[in-house]
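Take a look at the structure below.
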Protein chains: 2
Amino acid sequence: MTKSAELSNKQQLVMDLLEKKPNPMSAYMILDQLRDSGFRAPLQIYRALEKLIGMGRVHRLESLNAFIACSHISCEKGGATAFVICDRCENVQEVCDESVSLFLAGLTQKAKFRASKSSIELHGICNACEEA
Amino acid sequence: MTKSAELSNKQQLVMDLLEKKPNPMSAYMILDQLRDSGFRAPLQIYRALEKLIGMGRVHRLESLNAFIACSHISCEKGGATAFVICDRCENVQEVCDESVSLFLAGLTQKAKFRASKSSIELHGICNACEEA
DNA sequence: CAATTGACGTAATGTTATAACATCACTATT
DNA sequence: AATAGTGATGTTATAACATTACGTCAATTG
């Protein structure tokens, strides 16, 4: 529920909802939850998400077609992030340390590539679920 | 155009098409190209793709909702792969060496996780396009 | 032979995302 | 005040991607 002067009303509503949920949400789930707040069409959700993603406050999970609030302050500063996603409980861990950026740096060098965006997503079962 | 006894007729047609294309194709692109070969519905494509992906002969690119033939023999043996995707020419490089598996091993360890699937996709501009 | 399995056929539907076009609120400039 | 630019918004329609549900058929195997 972090407040940000730069967000419009609608953008803030989407941000707040995502920050309340620990799990990823699809755009249409978000829409369903926000109908009472004045959202009526998918595009309204996608537009807000686009902004929030651009600011680094929300991440898109490509392998789920879903969205999640960033759990770090650091991501807003542009570091690359890896997502570790439990397929049982849908919990998502964000890993955003040097190992990620070093790995990506090595990759771009090997591939002779100018990278602009990365998507690193690992699926499996988290420890908590494993023990349960 | 690698031959494989284990493939059905339809599966082979999809495999052949993907092996002819250097670039990723969506399921619906594949369908369009294979209408004359007897494919009539998306599901027929998705079923063939599911098999081929299971065998490691085709990869799904989550960030593109598209599919590409595996360019390594090694991937069929189960090694994790990273994809480096040029957004200009759509060329895809598959990286499938130790750096990838080591990175993933570190990640699962840090996250206390039992991984079953990974998706590593890097977008940007390749060297050839950069110089053009 | 009966039962199982895997591939296939078809229609309908579900889910995710964007195009196209119009309007409104705010700001800066003339 | 008038003008023009910008970013957010509203609405409808449609594109693009994927699966459910149901049924058929042939090969395999207990």
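Reckoned from all heavy atoms, side chains included, excluding hydrogens, waters and symmetry mates. Order of the sequence lines sets the chain letters (A, B, ...), proteins ahead of strands, with each chain counted from 1.
Considering all non-hydrogen atoms of both residues, B/Phe113 and A/Ile85 come closest at CZ-O, 3.1 Å. When all heavy atoms of A/Leu104 and A/Ala80 are compared, the pair lying nearest together is CD1-CB, 3.3 Å.
Residues A/Leu52 and A/Leu7 have side chains in contact (heavy-atom distance under 4.5 Å, counting atoms from C-beta outward).
Mapping heavy-atom proximity under 4.0 Å, the span of DNA chain D touched by chain B runs 5' to 3' from D/dC17 to D/dA21.
Within 6.0 Å of the NZ atom in A/Lys51, the count of heavy atoms belonging to other residues, nucleotides or ligands does not exceed 12. More than 12 heavy atoms of other residues, nucleotides or ligands lie within 6.0 Å of CD in B/Glu130, so this atom counts as buried by the packing criterion. Heavy atoms of other residues, nucleotides or ligands lying less than 6.0 angstrom from NZ of A/Lys110 number more than 12.
Each of A/Arg60 and B/Gln11 was assigned the nucleotide of DNA chain C with the nearest heavy atom; the assignment lying further toward the 5' end belongs to B/Gln11.
Look at CD on B/Gln12: it is 14 Å from P on C/dA7, rounded to the nearest Å.
Near DNA chain D, defined here as any heavy-atom distance below 4.0 Å, the residues from residues 39-54 of chain A are A/Arg40, A/Ala41, A/Leu43, A/Gln44, A/Arg47, A/Lys51, listed numerically.
Side chain to side chain, A/Ser63 and B/Lys117 fail the donor-acceptor criterion of an N or O pair below 3.5 Å.
Panel note: side chain B/Glu121, backbone B/Glu62; a donor-acceptor pair is recorded below 3.5 Å.
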